[in-house]
Every structure is written in C-alpha cells, then in structure tokens.
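The structure under discussion appears below in the form of structure tokens.
On a predicted model such as this, the values are computed, not experimentally measured, just so you know.
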Amino acid sequence: RMLGEAGACEALAGALWAHAGHAQVAEAACFAVVALVANSKEVRAKLGEAGGCEAVVGALRANAGRGHEDLDDHACAAMEYFATNHPENIAKLVSAAGSRDALLELVECSAAPEATRRRVGMALAWDAPRD
C-alpha cells in the first residue's frame, strides 16, 4: 500500500511501457507487478488506473513468439491477478488486446505454463464484461 502511495504504480507502468520490447526488463517489471498486486485489491486498482493492465498486455504482445518463458509466465500471472475480482481491470486487459478472444489467444500462444494460462482464462471469465 505504501509503495502505491509513493508513486510506485505509475513508475512501474511507465517503465514497462518504455521497455516493453526488452524481454529481460519486461520480465522483471511483470514480476514486480505480480508482487505488488497479488495481495492487495487496492494496489491492483491503483496499478490498473496507472496503465499497468495495458502495459502488461503490451509487453506480452511485443515479445510474443520469442520463447521468453519467464516473461510470458510473469505477464500471464500479472494478468490473472489484475483480473481476479476486478471487472474494471478485466475491461482494460480486454481493451488493450482488442477483444476478449484476442487476449485469450495471446495468452494461449504464450510460453507460460498451461496451468498459468488456464488460471488467466478463468480469471477473465469471472464477472467479465462481454464483447
């Protein structure tokens, strides 16, 4: 919570946008996203408002098909946490990908483990706005 109040959400989203195409930086940023949003709905909302949802989708898309398993795993985990019980973030994730189907295809084509991909799909299906 204190990090969110100190501007960490805005800084993290900005760094992820600026370096989305650099796999190692994007991987570390997605890992940090997971650490921040995993246990705090408040921080999940704040980072979502700061552009975090769109930045994670952008990083996954920018590195799609490059075989960066850790990046894909962290990005998908970040999307799972963003989406869990948070319809506003689900809408942002879907919008960033263009549609729900496009987002699910991006996740499914990632190198993230099958269990992670399945959890993202379940989180996106929960209380989600329909296209």
Side-chain angles (χ1 to χ4, degrees):
R1 182 175 175 200
M2 290 173 51
L3 287 173
E5 293 171 0
C9 294
E10 293 80 2
L12 183 54
L16 190 49
W17 272 120
H19 303 287
H22 190 281
Q24 290 175 317
V25 176
E27 176 188 331
C30 287
F31 183 82
V33 168
V34 170
L36 284 173
V37 303
N39 297 310
S40 173
K41 188 171 182 176
E42 182 179 302
V43 174
R44 193 176 306 149
K46 188 164 182 67
L47 189 51
E49 291 168 6
C53 296
E54 297 88 346
V56 168
V57 171
L60 188 58
R61 181 178 280 145
N63 293 282
R66 294 185 181 172
H68 296 294
E69 293 178 20
D70 289 337
L71 166 59
D72 291 0
D73 188 23
H74 297 321
C76 286
M79 287 192 285
E80 173 192 358
Y81 284 115
F82 269 132
T84 301
N85 298 318
H86 208 291
E88 294 85 0
N89 282 348
I90 292 172
K92 290 174 185 176
L93 291 165
V94 168
S95 177
S99 71
R100 176 177 309 285
D101 288 341
L103 181 60
L104 290 173
E105 183 177 338
L106 183 62
V107 169
E108 191 56 38
C109 292
S110 76
E114 181 181 345
T116 302
R117 295 191 316 261
R118 192 174 327 116
R119 287 193 312 268
V120 173
M122 290 186 319
L124 289 171
W126 182 257
D127 196 30
R130 300 291 173 214
D131 291 337

Exercise for review: Take atom CD of E105 as the centre, draw a 6.0 Å sphere, and report whether it contains more than 12 heavy atoms from other residues, nucleotides or ligands.
Suggested key: no
Point to revise | Separation of E27 CD from E69 CD (nearest 0.5 Å) | key: 10.5 Å
**Study point:** Approximate separation, where rounding is to 0.5 Å, of W17 CH2 and E54 CD
**Key:** 6.5 Å
Practice item. Work out which heavy atom in R44 is nearest to a heavy atom in N89; give both atom names and the distance. Key: O-ND2, 3.2 Å
Atom pairs and distances, donor-acceptor, side-chain atoms in residues 115-125, under 3.5 Å, two or more places apart:
{"residue": "T116", "atom": "OG1", "partner": "D73", "partner atom": "OD1", "Å": "3.1"}
{"residue": "T116", "atom": "OG1", "partner": "R119", "partner atom": "NH2", "Å": "3.4"}
{"residue": "R117", "atom": "NH1", "partner": "A112", "partner atom": "O", "Å": "2.4"}
{"residue": "R118", "atom": "NH2", "partner": "E114", "partner atom": "OE2", "Å": "3.3"}
{"residue": "R119", "atom": "NE", "partner": "E80", "partner atom": "OE1", "Å": "3.1"}
{"residue": "R119", "atom": "NE", "partner": "E80", "partner atom": "OE2", "Å": "3.3"}

Exercise for review: With rounding to the nearest 0.5 Å, note down the distance linking CG in D72 to SG in C30.
Suggested key: 9.0 Å
Review point. Going from CG on L106 to SG on C76, what distance comes out if it is rounded to the nearest 0.5 angstrom?
Key: 7.5 Å
Point to revise | Hphob cluster co-occupancy, V33 + L71, side-chain heavy atoms under 4.5 angstrom | key: no
Exercise for review: Looking only at non-hydrogen atoms, find the nearest pair between L36 and V43 and report the distance.
Suggested key: O-CG1, 3.5 Å
Study note, to complete from the structure: Heavy atoms of A50 and A13 approach each other most closely as O-CB, 3.4 Å
**Study point:** Single-linkage hydrophobic cluster, 4.5 Å side-chain cutoff, L104 and V94 together
**Key:** yes
Check your understanding: Distance-only, no hydrogens or angles: does the S95 side chain make a donor-acceptor pair with backbone N or O of K92 under 3.5 Å?
Key -> no
Study note, to complete from the structure: Taken to the nearest 0.5 Å, the spacing of E49 CD from C9 SG works out to 9.0 Å
Exercise for review: List the atom of A26, the atom of L16, and the distance in Å for their closest heavy-atom pair.
Suggested key: CA-CD1, 3.8 Å
Review point. Do any pairs count as a side chain to side chain donor-acceptor pair (under 3.5 Å) and have a residue in residues 58-67, sequence neighbours left out, and if so which ones?
Key: N63-R66
Review point. Would the number of heavy atoms belonging to other residues, nucleotides or ligands and lying under 6.0 Å from CZ of F82 be above 12?
Key: yes
Review point. Taking the side chain from H19 and the backbone from H22, do they hold a donor-acceptor pair closer than 3.5 Å?
Key: no
Exercise for review: Carefully, step by step, assess V56 and H74 under the rule side-chain contact (heavy atoms from CB on, under 4.5 Å).
Suggested key: CA-CA 9 Å; V56 168; H74 297 321; over 6 Å; no
